[in-house]
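Below, all heavy atoms of this structure are taken into account, side chains as well, without hydrogens, waters or symmetry copies. Order of the sequence lines sets the chain letters (A, B, ...), proteins ahead of strands, with each chain counted from 1.
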Number of protein chains: 4
Amino acid sequence: MSQAPSPASRGRPRDPRTRTAILTAARALLDNGGLTAVTIEAIAAKAGVSRPTIYRYWPNAPAVAMAAFLEASGAPAAGKTSRSPLAALRAQLHAVADAFAAPGGRSVAAMVAAAQSETELAKAFRNEFIARNRDAARLMLERCIAEQLVFPPADIDLALDLIFGPLFYRLLMGHAPITRGFVDQLLDAVVPAL
Amino acid sequence: MSQAPSPASRGRPRDPRTRTAILTAARALLDNGGLTAVTIEAIAAKAGVSRPTIYRYWPNAPAVAMAAFLEASGAPAAGKTSRSPLAALRAQLHAVADAFAAPGGRSVAAMVAAAQSETELAKAFRNEFIARNRDAARLMLERCIAEQLVFPPADIDLALDLIFGPLFYRLLMGHAPITRGFVDQLLDAVVPAL
Amino acid sequence: MSQAPSPASRGRPRDPRTRTAILTAARALLDNGGLTAVTIEAIAAKAGVSRPTIYRYWPNAPAVAMAAFLEASGAPAAGKTSRSPLAALRAQLHAVADAFAAPGGRSVAAMVAAAQSETELAKAFRNEFIARNRDAARLMLERCIAEQLVFPPADIDLALDLIFGPLFYRLLMGHAPITRGFVDQLLDAVVPAL
Amino acid sequence: MSQAPSPASRGRPRDPRTRTAILTAARALLDNGGLTAVTIEAIAAKAGVSRPTIYRYWPNAPAVAMAAFLEASGAPAAGKTSRSPLAALRAQLHAVADAFAAPGGRSVAAMVAAAQSETELAKAFRNEFIARNRDAARLMLERCIAEQLVFPPADIDLALDLIFGPLFYRLLMGHAPITRGFVDQLLDAVVPAL
DNA sequence: CGGTAAACGAGACGGTACGTCGTGTCTTTGA
DNA sequence: TCAAAGACACGACGTACCGTCTCGTTTACCG
């Protein structure tokens with residue numbers, strides 16, 4: 001009966017604990033059980049939240065899983081700037097390798113899989129997780145170039161593909177383990193190629 | 001009361017058309033709709049076969065999909081031996097790139113995804129599809145080494161990871177297209193690194 | 001600590017248009033779609049009113065429907081006193097028959113149905129709608145008796161049951177139409193029986 | 001792979017206990033709780049049957065309730081033929097009155113209500129329950145006429161409306177109890193009117 | 001005239017039930 | 001013995017309303 005031109009929030013505000021509870025539950029389910037365990041039903045039960053509430057936040061189960069995954073996989077530990085950029089890059093990739101090798105690494109693979117069926121998820125995964133890793137590595141590479149530790153490559157994106165490609169390849173195929181030694185070999189082979 | 005227990009087949013033999021019909025239907029569903037479209041229900045309807053029959057051949061839907069995929073992705077076209085092994089390797093990878101870029105490439109990604117949740121599928125995919133590609137490439141590489149076209153690398157499997165990794169990386173992330181130019185750049189960077 | 005609970009209104013008075021809007025919307029939904037279409041959600045949307053507001057007026061959806069129905073089914077048109085009371089009674093029942101036969105008649109049936117599950121509604125329906133019709137007819141009957149047009153029946157309530165019973169029976173069972181001819185036959189049979 | 005022109009049943013036959021279990025559970029829920037208690041969920045739980053199974057038999061909850069009701073309200077006890085047909089009619093109506101007055105009478109009202117929203121249910125209720133009662137009464141009436149106990153009425157269906165209408169009217173409105181005395185009064189008024 | 005109390009809209013939230021889909025198993029009949 | 005048809009329990013889906021609540025805003029009255 002009266003108008004409602006309020007610019008900012010209208011209605012009852014969302015309880016911030018709801019969102020957190022959902023994502024925490026989803027993350028836990030993802031870590032055990034993998035992607036198929038992340039059902040709306042299970043999340044609702046574990047988070048103590050009703051199913052419709054989850055749908056108020058995300059459109060379906062994989063979307064929740066992706067959100068939980070991205071939230072959890074925060075910013076990659078920033079390489080210490082004190083070290084040489086080449087050492088920093090190596091350290092950074094070691095961190096990625098560790099993450100992939102750890103039980104949580106299965107989640108990464110699961111999210112890659114999930115991103116195959118829905119464009120929205122693919123975009124989110126690419127723009128958040130993938131871009132995050134690439135950007136960090138790109139920064140290091142550019143510092144190396146600036147300090148003339150490596151020869152400027154024709155295409156820095158190709159260089160990033162050369163570095164990350166084999167890592168994900170091993171993660172997803174599982175034909176060989178992802179060790180620190182593997183990362184070292186990888187860098188030793190790629191860096192001179194630039 | 002019962003006669004000779006014929007050592008081989010007992011009772012009504014399996015109609016070979018059944019198996020074919022199932023795989024054909026599964027393949028069709030995989031190509032449109034992707035992995036989620038490959039349901040036992042849909043296969044049964046499309047193949048004109050009952051659901052229990054499918055279960056008599058495979059344990060679940062992803063397994064049928066994988067079988068259909070592997071059956072369809074036959075042996076990679078053998079590189080002409082007349083050419084230089086390096087050119088043959090390049091030609092082979094061009095073929096892979098073409099396959100990945102084609103609509104069927106989505107199926108490859110789908111199967112990678114499917115292989116994440118079940119060990120059995122992962123093994124099948126690795127031992128058939130991945131190994132097939134790697135073995136073909138390994139053969140070429142070894143010929144190159146034999147003809148002293150490339151320096152013998154410390155680890156030939158690492159070399160294969162360097163080659164195939166970026167290809168799958170692009171396929172699965174979709175952050176950049178998989179062109180023949182990309183393959184050429186890739187080889188130009190990797191080969192001298194060996 | 002708390003002062004006089006001012007007997008009359010405190011705070012902002014209710015906007016009279018709110019009540020009207022809700023009842024109008026409920027009535028419209030009742031007429032199409034029937035009772036199941038009368039949901040709080042739909043009323044709120046149609047009336048441009050928030051859901052809690054409706055609950056401030058009535059406890060649940062059927063109650064709103066009943067209120068809307070009773071409000072709409074105003075007093076039965078008073079029979080002209082100039083005519084003979086018997087003719088007036090007949091005219092009155094013709095009006096009821098017309099109302100039942102009209103599309104709005106479905107609402108009557110719907111409210112009978114609604115009254116089955118909740119005592120409160122049953123009481124309201126009985127005391128308002130049923131009583132209204134019975135009282136009007138009783139008045140006419142008593143006039144007939146006073147004017148010695150009919151023999152004084154033992155039980156006037158039974159007489160009313162004899163008159164209204166078949167009408168509602170046909171309305172609710174739908175095994176035969178409710179025509180004016182039916183009303184005439186009904187009266188012709190019942191009146192001499194008294 | 002082969003055609004299926006088998007005339008009789010194909011596939012696994014329905015377990016007859018399933019149907020019974022569902023109807024029994026529905027009937028129990030209907031008797032306590034009324035129509036709103038008859039939810040597919042509750043039936044499934046009580047009958048130890050899965051929800052989809054129920055949907056394989058009936059399209060929705062009211063339909064199950066109706067089926068349960070009709071199954072339970074078997075044939076009306078046939079009046080002893082040894083008595084006079086008038087006495088038999090009276091006895092039959094006494095039985096109906098008893099049924100209406102008993103707790104199960106609420107179910108009858110509930111089914112009348114349910115029949116208001118769906119044509120299919122209305123038809124079933126009319127053709128089974130209503131017709132059953134009417135036919136039994138019609139038979140008695142016709143015998144009375146044959147034995148010249150009552151004057152042949154112009155319209156026997158109207159006579160049935162006169163008899164059953166008030167009964168249902170009281171059942172549904174609840175403004176007065178349904179006693180045997182009421183039935184007697186009813187007959188005493190209606191029979192001479194014919 | 002300014003404080004207070006209620007009306008009101010918006011929307012979050014936990015529930016319950018819905019009707020559907022797909023799964024994997026089992027039980028028949030028929031080839 | 002294979003195969004087709006279909007019954008069945010199970011689990012999850014995504015949706016619709018429910019009734020309650022917590023806000024922010026509005027509007028009257030009353031001190």
Pick the closest DNA chain E nucleotide for B:V38 and for A:G11 by heavy atoms, then say which residue is nearer the 5' end. A:G11
Using the rule side chain to side chain contact (heavy atoms under 4.5 Å, CB included), only one of D:I43, D:T36, D:L35 pairs with D:L30; which is it? D:L35
Taking only side-chain nitrogens and oxygens of D:R14, does any of them come within less than 4.0 Å of OP1 or OP2 of F:dA7? yes
Say whether, by atom type as modelled, one donor and one acceptor occur between the side chain of C:S73 and the main chain of C:F69 under 3.5 angstrom. yes
Looking at residues at least two apart in the chain, or sitting in another chain, which of them share a side chain to side chain donor-acceptor pair (under 3.5 Å) with D:R17? D:D15
Strand-adjacent residues in residues 49-58 of chain A, judged by heavy atoms under 4.0 Å from DNA chain E: A:V49, A:S50, A:R51, A:P52, A:T53, A:R56, A:Y57
Please tell me which of the listed nucleotides, F:dC21, F:dA28, F:dG14, lies nearest to the side chain of C:P13? F:dA28
What does the inter-axis angle of the helix from E:dC1-F:dG31 to E:dA31-F:dT1 come out as, five pairs per end, nearest 10 degrees? 10°
Do B:R106 and A:Q116 make a side-chain contact, defined as non-hydrogen atoms from C-beta onward lying under 4.5 Å apart? yes
Please list all pairs passing the salt bridge (charged side-chain N to carboxylate O under 4.0 Å, His left out) test where one or both residues lie in residues 44-54 of chain B, with sequence neighbours left out. B:E41-B:R51
What residues form a side-chain contact (heavy atoms from CB on, under 4.5 Å) with B:P52, not counting sequence neighbours? B:S50, B:R56
Between D:R12 and E:dC26, is there a contact of a side-chain N or O with OP1 or OP2 at under 4.0 Å? no
Report the distance from atom CD1 of C:I43 to atom P of F:dC18, rounded to the nearest whole Å. 8 Å
Can you tell me how far apart CG (A:L121) and CG (A:N60) are? Round to the nearest 0.5 Å. 6.5 Å
Earlier contact from the 5' end, DNA chain F, for A:N60 and C:A61: A:N60
Would you check if the side chain of D:T24 reaches a backbone N or O of D:T20 as a donor-acceptor pair within less than 3.5 Å? yes
Measure the spacing between OH of B:Y57 and OG1 of B:T18 and express it to the nearest 0.5 Å. 4.5 Å
Separation of atom CD in C:E41 from atom C1' in E:dG11, rounded to whole Å: 11 Å
Specify the residues of residues 15-22 of chain A, ordered by number, for which at least one heavy atom lies under 4.0 angstrom from an atom of DNA chain F. none
Salt bridge or not between D:E71 and D:R19? Use side-chain N to carboxylate O under 4.0 Å. yes
With rounding to the nearest 0.5 Å, note down the distance linking NZ in A:K123 to OG1 in A:T119. 7.5 Å
